[in-house]
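Everything quoted here is computed from the prediction, not taken from an experiment. Values reported hereafter were calculated over all heavy atoms of this structure, with side chains retained and with hydrogens, waters and symmetry mates removed.
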Amino acid sequence: MRRCLFVIGLFALFAAFTARAAHAQNVQGLSLRAGEALAGSPSGTVDIVGDGTSATVQVDLSGAAETMKIADFKDAKSFVVWAVDMDGYRHNLGSLSDELKLSDVKVDYRVARVYVTAEADAKATAPTGDPLYAVTLRSVTEKDGAPAGESMASSAASSSTASSSSSAASSSVASSSAASSSAASSSAPAAAAAKTTSSSSAKPANLPTTGGGMPDLLVLAAAAMALLAVGARLAAVRA
């Protein structure tokens, strides 16, 4: 009976350790798969080493150097690596080096998705096309807007600027002639259409998800409870 309880205890400790490791999001050698634009190109890897609230991200696409050339993409200057957090906000992690690598980028969030695009601006805040390479750890809806963690002061300043601009625009419209008002009205639909098109093209394609931590925790908890029940029954029989 003691041996049985000892074995059950070991299983419970193993389950707890596995659950903690899963929550910590500590993965290495995660495969970055080529998208349609680079179909057939060798896969790359992503390493995410962290404690669940922060992590260090590394990307290696050096194996695709022969098929992934920046000159093949019109107006592109660099390959930008994007990370999407669990809330759906995207973050520009930086550009790949000449060896197609990105090393030791520290983030303060759990990563749901990583993908790479070719961009004219290495500091772009939104991608301009579909991913060239991507991997999905958790299926989330990507959002346009400020990334998680942006300072409230920055957001307030942006809001104040937008409000001032709106007030100035209203005053100008009120004092302008009928012809100017008509021109402003006709340009509004075009601006809205351009914004919609930009937002649509910025959304990356979804790839199959590898699942998340919570389902794993539930499965491990159920397994531990089952083992404890079996151990209790065996102990009762032997008694």
Side-chain angles (χ1 to χ4, degrees), residues 12-35 42-64 78-97 99-117 119 122-127 131-152 154-155 202-224:
L13 288 174
F14 175 76
F17 175 80
T18 304
R20 182 177 180 181
H23 180 70
Q25 192 179 26
N26 199 343
V27 292
Q28 297 184 11
L30 199 62
S31 180
L32 261 176
R33 294 171 293 168
S43 297
T45 59
V46 175
D47 295 338
I48 303 174
V49 180
D51 58 8
T53 57
S54 63
T56 299
V57 181
Q58 297 188 56
V59 175
D60 186 350
L61 279 168
S62 58
S78 60
F79 293 115
V80 176
V81 180
W82 305 89
V84 180
D85 61 34
M86 293 296 177
D87 292 322
Y89 291 107
R90 78 170 68 89
H91 305 258
N92 183 331
L93 296 186
S95 302
L96 293 177
S97 67
E99 293 77 25
L100 300 184
K101 293 182 178 181
L102 182 72
S103 301
D104 298 330
V105 176
K106 294 184 178 181
V107 300
D108 57 358
Y109 48 83
R110 285 173 59 81
V111 178
R113 183 182 303 135
V114 176
Y115 59 95
V116 179
T117 61
E119 302 295 337
K123 297 183 179 180
T125 57
L132 304 177
Y133 276 87
V135 63
T136 300
L137 290 82
R138 175 73 65 84
S139 182
V140 297
T141 300
E142 189 166 329
K143 302 175 183 177
D144 292 319
E150 184 181 46
S151 67
M152 294 301 293
S154 177
S155 298
K203 294 179 180 178
N206 289 327
L207 281 81
T209 177
T210 58
M214 185 55 68
D216 294 337
L217 291 175
L218 294 176
V219 170
L220 290 170

Would V135 and R33 count as a side-chain contact (heavy atoms from CB on, under 4.5 Å) if you check the C-alpha gap in whole Å, the side-chain angles of each, and the deciding distance to 0.1 Å?
CA-CA 7 Å; V135 63; R33 294 171 293 168; 5.5 Å; no
What closest approach, in Å, do [X] and [Y] show between heavy atoms, and which atom pair accounts for it?
X	Y	answer
E142	R90	OE2-NE, 2.8 Å
V80	S95	CG2-OG, 4.2 Å
E119	T117	OE2-OG1, 2.6 Å
V46	I48	CG1-CG1, 3.8 Å
D60	S62	OD1-OG, 2.7 Å
K106	T56	CG-OG1, 3.9 Å

Evaluate the side-chain contact (heavy atoms from CB on, under 4.5 Å) criterion for residues L93 and W82: first the C-alpha distance (whole Å), next the side-chain angles of each, then the deciding distance (0.1 Å), finally the verdict.
CA-CA 6 Å; L93 296 186; W82 305 89; over 6 Å; no
Go through V114 and L30 one step at a time and tell me if the side-chain contact (heavy atoms from CB on, under 4.5 Å) criterion holds.
CA-CA 10 Å; V114 176; L30 199 62; over 6 Å; no
With rounding to the nearest 0.5 Å, note down the distance linking NE2 in H91 to CG in D85.
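Nearest 0.5 Å value for the NE2-CG distance: 3.5 Å.
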Would you give the length of the straight line joining atom OH of Y133 to atom CZ of F79, rounded to the nearest 0.5 angstrom?
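Spacing of OH (Y133) from CZ (F79) equals 9.5 Å.
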Is the side chain of D47 donor-acceptor paired with the backbone N or O of G29 at a distance under 3.5 Å, no angle test?
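Checked: pair present.
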Are L96 and V59 close enough, and set up right, to give a side-chain contact (heavy atoms from CB on, under 4.5 Å), and what steps lead you there?
CA-CA 8 Å; L96 293 177; V59 175; 4.1 Å; yes
